[in-house]
Amino acid sequence: MSELTVETRDVEGVTLLYPRGFINAHTVRQFEGEIQKALAQGHFKIVVSCSGLAYIASAGLGALMGAIEEIRGNGGDLRLANLNETVRNIFEILGFNHLYRIYPSEVEAITSFRSAGAAGC
Amino acid sequence: MLRPVARRAPRRSNVGEGAAPAPRSVKASLRLSIPSQTSFLGVVREITKKMAESAGFSAGTADRLALAVDEAVTNVIEHAYHGAADREVELRIEDRGDEFRVEVVDSGASVDPRAVPRVDLPRYVSERRTGGLGVHLMEKIMDSVTFRRSARRNVCCLVKRKDSPPAR
């Protein structure tokens, strides 16, 4: 089985990424590539739906960090949804929960783009 | 801050010399060598997780321990071996009863842990920096992370006590 697959789809002008598996130094380029693909298409409203994400290492956090400036500079945002306990814990350990808006569900993350300033949790 | 470098007498490598006599306190131990390739991180993760669960840690804590070891091996591949794929990384995983210990050993360039930038998270976030996150994560997950140079090899020792919280 592949270490990581990333499916994408667009819903209401929001690009959804579904990483499934593990993001670490081995798989991070694939994850980065999917983010860059969205940006190249001018899609700056991005939700990473993490229900299938078992684990993210610092390389993956670096990929998120590397993209956020360009995304927000273009009036968009990268938001996260459906984090499992392990991934949420990693975000909290590093304080990334203060940098990214995190939503309990994909629907809430998508609708948050309709109302500017909607707070995550 | 990094803990002080552990002072232990250098000992010979047991790689390729058969099973090493285990100290009496060790309940289970495993040694393995992998090529210095990130494609083996999955193997490292699975083995670490299984050993941690066997040692009595919850699945969630075992996941975090596997992440810490993934970060340590990634550091070796990227910094000690500078991405060379034909070197060897040795793992020594031990359940010592009251603690779980993993040593990640390489024969690459000597790495001064004091040279690793310390993470000032608010500044990190505001400046979007990423270097040093791996070591920071390791230190948050483990009770102790030490680096030492022994017999021309780098040894990164990760220790988690069984009675300590999942992360600090």
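Chain identifiers are assigned alphabetically (A, B, ...) following the order of the sequence lines, protein sequences preceding nucleic acid strands; residue numbering begins at 1 within each chain.
The distance from atom CD1 of A/I93 to atom CD1 of B/I141, rounded to the nearest 0.5 Å, is 5.0 Å. Remark: A/Y55 OH to B/R64 CZ distance equals 12.5 Å, nearest 0.5 Å.
Cluster membership for B/V145 and B/V105, using ILVMFWY side-chain heavy atoms within less than 4.5 angstrom, is not shared. If you chain together hydrophobic residues whose side chains sit under 4.5 Å apart, A/V87 and A/M65 fall into the same group. B/L91 and B/V155 fall into different hydrophobic clusters, where Ile, Leu, Val, Met, Phe, Trp and Tyr side chains are chained together by heavy-atom contacts under 4.5 Å. By the rule that hydrophobic residues join a cluster once side-chain heavy atoms approach within less than 4.5 Å of another member, A/V48 and A/F91 end up as members of one cluster. Clustering ILVMFWY residues whenever any of their side-chain heavy atoms sit less than 4.5 angstrom apart, transitively, puts B/M138 in a cluster other than the one holding B/V159.
Proximity to chain A at a heavy-atom threshold of 4.5 Å picks out B/T38, B/S39, B/L41, B/G42 from residues 35-42 of chain B, in numerical order.
Around atom CD of A/E85, no more than 12 heavy atoms belonging to other residues, nucleotides or ligands sit under 6.0 Å away.
In terms of modelled atom types and a separation under 3.5 Å, the side chain of B/E71 and the main chain of A/A57 share no donor-acceptor contact.
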Run the side chain to side chain contact (heavy atoms under 4.5 Å, CB included) test on B/L133 and A/F96 for me, step by step, so that the C-alpha distance in whole Å, both residues' side-chain angles and the decisive distance to 0.1 Å come before the verdict.
CA-CA 11 Å; B/L133 272 184; A/F96 272 52; 3.9 Å; yes
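Residues B/K140 and A/E92 are not paired through a salt bridge, judged by the lack of any N-O separation under 4.0 Å between the basic side chain and the carboxylate.
In terms of heavy-atom pairs under 4.5 angstrom with chain A, the leader among B/T74, B/L67, B/V73 is B/L67. Heavy-atom pairs under 4.5 Å with chain A peak, among B/T61, B/D63, B/D70, at B/D70.
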